S.K.: 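Pasting a structure below so you can have a look.
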Amino acid sequence: TGLTAYDQGFVNTASTKSAITFIDGEKGILRHRGYPIEQLAGTKSFLETAWLLIYGELPTPAELKKFEEKIQRHTLVHEDLKNLFHAMPQNAHPMAVLAAGVSALSTFYQDSLDPHDPEQVELSTIRLLAKLPTLAAYSHKNSMGQALLYPDNSLNYVENFLRLNFGNMAEDYVQNPVVTKALDTLLVLHADHEQNCSTSTVRLVGSSQANLFASVSSGINALFGPLHGGANEAVLEMLQHIQDSGESVQAFIQRVKNKEDGIRLMGFGHRVYKNLDPRARIVKATADQVLAELGVKDPLLQIAKELEAAALADPYFQERKLYPNVDFYTGVIYKALGFPPRMFTALFAMGRLPGWIAHWREMNVDPATKIGRPQQIYVGEPERSLKGFFG
Ligand code: CMC
């Protein structure tokens with residue numbers, strides 16, 4: 001049938017051309033629109049990075065101001081959309097709630113669904129960037145059985161998000177530049193990572209000309225899984241397990257190496273990085289900084305450092321080129337900021353949003369785009385007949 005290759009997991013097949021992000025996994029290089037991540041993280045805000053990814057260049061101060069103002073104007077969600085949150089069980093996972101909330105945007109904002117109308121695409125871009133933090137905070141509040149707060153547009157993107165999550169308790173954070181800068185930097189570090197599972201999902205769904213909200217809610221569902229964005233929550237559970245059970249780091253590493261019950265060292269390994277994930281280095285430094293600033297002494301950070309040292313010194317991890325990835329230290333920071341582990345992947349989703357949008361838009365304006373439709377190799381029954389039917 002003209003089928004030429006079988007490539008389980010797309011290990012060796014490019015699904016698209018893209019001008020957004022460059023990764024050299026052997027050398028541990030990550031660049032957005034040509035700029036190394038080490039230069040962007042800490043110097044450019046999340047919204048500047050979002051602009052860079054989506055529009056291709058860094059914004060001028062005037063462009064940035066306008067962009068921030070436009071986003072601030074759209075942070076509210078329709079009052080009726082809030083009913084969706086009240087309809088969900090309180091113990092629902094925030095990622096499941098968030099995906100449903102984003103999917104519901106297609107029902108409330110029907111004037112920005114046409115992927116072929118540049119103005120509608122622009123409006124849905126702004127709406128998503130503005131409303132995703134509100135929806136993410138609502139998924140958190142819903143899980144606590146607490147009131148859904150209104151956005152405070154006198155605050156910046158990150159400050160407003162913290163307030164939506166923690167109300168007045170967030171005042172310490174909002175006034176603490178180390179905290180807000182750290183969260184902003186973490187969002188920058190997650191902003192794009194070329195054709196990862198969720199971004200490929202957004203592109204595949206979008207290739208059918210589905211609208212941006214529908215495509216991004218699919219991306220959120222793809223990110224939910226523990227091998228992808230869900231790893232940050234799984235790392236914290238792993239660290240907590242080690243602390244609670246009293247199991248030694250060496251004994252845990254041994255169980256991972258034995259592949260006991262299929263356990264993995266969560267937050268380690270990557271499909272493309274066969275060297276240190278450059279984001280992990282920055283996250284680790286940020287973890288030390290934030291915990292020191294908040295005066296938090298979390299034994300989980302020490303356990304994480306011991307696990308990292310033990311794994312890096314071990315031939316099992318060396319031979320397979322397994323290094324810490326972006327998820328290894330983020331959970332410890334999110335925890336110090338007061339987020340429950342179930343919210344960690346929703347924070348990843350907020351960070352990855354500009355990447356999803358940039359890829360969806362790039363795909364939509366590329367005349368070479370075709371609907372994504374992989375081939376398969378059929379391994380089922382050969383032709384056979386139902387009883388009573390004869391050839
Ligand atoms: N712990 C123990 N062994 C591992 C790990 C790990 N974290 N990761 C890979 N391996 C082993 C794996 O068992 C296999 O060994 P063998 O050759 O003996 O069968 C070998 O290394 C190659 O692994 P793979 O599963 O073929 O590699 P992959 O490229 O398909 O998977 C991965 C990449 C990220 C899914 C995997 O490394 C993993 O499961 N890591 C833990 C979950 C995690 O931290 N995910 C976050 C990824 S980064 C951010 C994101 O994308 O969200």
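Quantities reported herein were computed from a predicted structural model and do not represent experimental measurements. Counting convention: from 1, in listed order, for ligands and their atoms alike.
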S.K.: Do side-chain atoms of Ser208 reach the backbone of Leu204 as a donor and acceptor pair under 3.5 angstrom?
M.R.: no
S.K.: Please say whether more than 12 non-hydrogen atoms of neighbouring residues, nucleotides or ligands are located less than 6.0 Å from OH in Tyr6.
M.R.: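 Counting neighbours around OH of Tyr6, 12 or fewer heavy atoms of other residues, nucleotides or ligands fall under 6.0 Å, so no.
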S.K.: Does a salt bridge link Glu308 with Lys305, judged by any charged N lying under 4.0 Å from a carboxylate O?
M.R.: no
S.K.: Does a salt bridge link Arg73 with Glu69, judged by any charged N lying under 4.0 Å from a carboxylate O?
M.R.: no
S.K.: Using 30° and 60° as the class limits, which term best fits the ring planes of Phe268 and Phe317: parallel, tilted or perpendicular?
M.R.: perpendicular
S.K.: What do you reckon, are the aromatic ring centroids of His32 and Phe22 less than 6.0 Å apart?
M.R.: no
S.K.: Could you go through ligand 1 and note, for every N or O atom, any protein N or O atom closer than 3.5 angstrom, writing the atom names and distance to 0.1 Å, or 'none'?
M.R.:
{"unit_1": "ligand 1", "atom_1": "1 (N)", "unit_2": "Leu265", "atom_2": "N", "d": "3.0"}
{"unit_1": "ligand 1", "atom_1": "3 (N)", "unit_2": "Tyr316", "atom_2": "OH", "d": "2.9"}
{"unit_1": "ligand 1", "atom_1": "7 (N)", "unit_2": "Leu265", "atom_2": "O", "d": "2.8"}
{"unit_1": "ligand 1", "atom_1": "7 (N)", "unit_2": "Phe268", "atom_2": "O", "d": "2.9"}
{"unit_1": "ligand 1", "atom_1": "13 (O)", "unit_2": "Arg264", "atom_2": "NH2", "d": "3.3"}
{"unit_1": "ligand 1", "atom_1": "15 (O)", "unit_2": "Lys259", "atom_2": "NZ", "d": "3.4"}
{"unit_1": "ligand 1", "atom_1": "15 (O)", "unit_2": "Arg320", "atom_2": "NE", "d": "3.1"}
{"unit_1": "ligand 1", "atom_1": "18 (O)", "unit_2": "Lys259", "atom_2": "NZ", "d": "2.5"}
{"unit_1": "ligand 1", "atom_1": "18 (O)", "unit_2": "Arg320", "atom_2": "NE", "d": "3.2"}
{"unit_1": "ligand 1", "atom_1": "18 (O)", "unit_2": "Arg320", "atom_2": "NH2", "d": "3.0"}
{"unit_1": "ligand 1", "atom_1": "19 (O)", "unit_2": "Lys259", "atom_2": "NZ", "d": "3.1"}
{"unit_1": "ligand 1", "atom_1": "25 (O)", "unit_2": "Arg264", "atom_2": "NH1", "d": "3.1"}
{"unit_1": "ligand 1", "atom_1": "25 (O)", "unit_2": "Arg264", "atom_2": "NH2", "d": "3.0"}
{"unit_1": "ligand 1", "atom_1": "29 (O)", "unit_2": "Arg271", "atom_2": "NE", "d": "2.8"}
{"unit_1": "ligand 1", "atom_1": "30 (O)", "unit_2": "Arg271", "atom_2": "NH2", "d": "2.9"}
{"unit_1": "ligand 1", "atom_1": "39 (O)", "unit_2": "Arg264", "atom_2": "NH1", "d": "2.7"}
{"unit_1": "ligand 1", "atom_1": "40 (N)", "unit_2": "Phe268", "atom_2": "O", "d": "2.9"}
{"unit_1": "ligand 1", "atom_1": "44 (O)", "unit_2": "Gly267", "atom_2": "N", "d": "2.8"}
{"unit_1": "ligand 1", "atom_1": "44 (O)", "unit_2": "Asn325", "atom_2": "ND2", "d": "2.9"}
{"unit_1": "ligand 1", "atom_1": "45 (N)", "unit_2": "Leu227", "atom_2": "O", "d": "3.0"}
{"unit_1": "ligand 1", "atom_1": "51 (O)", "unit_2": "His228", "atom_2": "ND1", "d": "3.0"}
{"unit_1": "ligand 1", "atom_1": "52 (O)", "unit_2": "His228", "atom_2": "O", "d": "3.0"}
{"unit_1": "ligand 1", "atom_1": "52 (O)", "unit_2": "His228", "atom_2": "ND1", "d": "2.8"}
{"unit_1": "ligand 1", "atom_1": "52 (O)", "unit_2": "Gly229", "atom_2": "N", "d": "3.3"}

